[in-house]
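The figures that follow rest on heavy atoms only: side chains count, while hydrogens, waters and symmetry mates do not. Residue numbers start from 1 in every chain, and the chains themselves are labelled A, B, ... in the order their sequence lines are given, proteins ahead of strands.
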2 protein chains.
Amino acid sequence: MFKVNKLTDYATVVMVDLVSADLARPSQKIANNTGIPYPTVNKLMKDLLQAGLVRSHRGINGGYSLASPAHKITIADIIQAVEGPIALTSCVNNSLDKCSYENFCAVQGRWNRVNKAVVKALKKVTVADMT
Amino acid sequence: MFKVNKLTDYATVVMVDLVSADLARPSQKIANNTGIPYPTVNKLMKDLLQAGLVRSHRGINGGYSLASPAHKITIADIIQAVEGPIALTSCVNNSLDKCSYENFCAVQGRWNRVNKAVVKALKKVTVADMT
DNA sequence: CCTAAATAGTACTAAATAAGTACAGTATTA
DNA sequence: TAATACTGTACTTATTTAGTACTATTTAGG
């Protein structure tokens, strides 16, 4: 099946939850709100933080909040934060893998086009659209 | 990583190879042309056949050929043939899975929009575009 | 300054999926 | 009727994903 990771799915749910947060919201509360297990939320937040999609505050009254307005964060951003660069196949330019057939492959470079089209589609939908 | 199966990637290579086939082309020859292992080609062809993307002829001088003109077969068709219905998450309408959070999920149904956008993008690129 | 709350980072285990292989069966044509 | 090539099923192995656990670090407030 062609699909995003479960974690990516969770991540969108988390992001949507954070839209309604005025103050920093701790992982534990996010877990309660969304039904996603606490340890999993924790793991997710690290990825989202590293990608700069959320801000964190440590200590008492700490937690997470969105780093930008909901309508500026796209599904493409979330997928990239959780799963790394979007590369439908290993022969796409920004892929982390290397294709072993690369040198004599009949579709060399053609997937780039498909990839771009998909990324474009994913950039059109924002967190605000998901709420 | 957000990507298609390796088999789907192979499948496009196979389809592109078949574009140049006047007669039916046996799996073995497809394997030679593309560098994809013969047993894997065999497996692929079954999926492509079932999906109606290729035609088969048994016996001597048998093999496979495209069931429609290359410009009418899309990447979406190939993905669906190999991986089943395109459903980015399990809460998308045509998904085979069921989402266990479905009833209280904050993003209920919102992924449909994303899914449609992606499918649309995938339908715009054809086998002819990949050659 | 000390304690409790909460994030940050790393490493590990288990489950699910994908990839590859093997083999026996069936149809077709020369 | 023999050789060729598709058809179908089952199995094994490798890879990826998901989930868990634990320790360290930071911060606010009494």
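Legend: residues meeting side chain to side chain donor-acceptor pair (under 3.5 Å) with A:Glu83, ordered by chain and number and at least two apart, are A:Thr8. Residues meeting the side chain to side chain contact (heavy atoms under 4.5 Å, CB included) test with B:Ser90, sequence neighbours left out: B:Ser95, B:Asp97, B:Cys99. With sequence neighbours left out, B:Ala117 forms a side chain to side chain contact (heavy atoms under 4.5 Å, CB included) with A:Ala121. Qualifying side chain to side chain donor-acceptor pair (under 3.5 Å) partners for B:Thr40, counting only residues two or more places apart in sequence or in other chains: none. Every residue two or more places apart in sequence or in another chain that forms a side chain to side chain contact (heavy atoms under 4.5 Å, CB included) with A:Asn112 is listed here: A:Val92, A:Asn93. Taking B:Ala106 as the reference, A:Val16 meet the side chain to side chain contact (heavy atoms under 4.5 Å, CB included) condition, with sequence neighbours excluded.
Rounded to whole angstrom, the span from the CG atom of B:Leu44 across to the P atom of C:dT21 amounts to 13 Å. Rounded to a whole Å, the CG atom of B:Asn5 is 15 Å from the P atom of D:dT15. One atom, CZ of A:Phe2, and another, C1' of D:dT16, lie 17 Å apart when rounded to the nearest Å. Rounded to a whole Å, the CG atom of A:Leu23 is 15 Å from the C1' atom of D:dA28. Between the NZ atom of A:Lys3 and the C1' atom of D:dT17 there is a distance of 11 Å, given to the nearest Å. Atom P of nucleotide C:dT10 and atom CG of A:Asp47 are separated by 13 Å, given to the nearest angstrom. At whole-Å resolution of the value, CG in A:Leu18 and P in C:dT7 are 11 Å apart.
Between B:Trp111 and A:Ile75, the closest side-chain pair of non-hydrogen atoms falls below 4.5 Å.
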Kindly give the atom pairs (protein nitrogen or oxygen, nucleotide nitrogen or oxygen) under 3.5 Å for nucleotides 4-6 of chain D.
from  : atom 1 : to      : atom 2 : distance (Å)
D:dA5 : O4'    : B:Gly59 : O      : 3.4
D:dC6 : OP1    : B:Ser27 : N      : 3.0
D:dC6 : OP2    : B:Ser27 : OG     : 3.2

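For residues 7-15 of chain B, proximity to DNA chain C is found at B:Leu7, B:Tyr10, defined as any non-hydrogen atom under 4.0 angstrom from a strand atom.
Residues in residues 121-131 of chain A take part in these side chain to side chain donor-acceptor pair (under 3.5 Å) pairs, two or more places apart or across chains: A:Thr126-A:Asp129. For residues 57-78 of chain A, the side chain to side chain donor-acceptor pair (under 3.5 Å) pairs, not counting sequence neighbours, are A:Thr74-A:Asp77. Within the structure, salt bridge (charged side-chain N to carboxylate O under 4.0 Å, His left out) contacts touching residues 8-20 of chain A (residues at least two apart or in different chains) are A:Asp17-A:Arg25.
Separation of atoms CG (A:Asn5) and CG (B:Leu88) is listed at 11.0 Å; rounding is to 0.5 Å.
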Original post:
How would nucleotides 11-16 of chain C be written as a contact map, 5' to 3', with B for base contact, S for sugar-phosphate-only contact and - for no contact, using protein heavy atoms under 4.0 Å?
Top reply: ------
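Across all strands, B:Lys46 comes closer than 4.0 Å to base atoms (heavy-atom distances).
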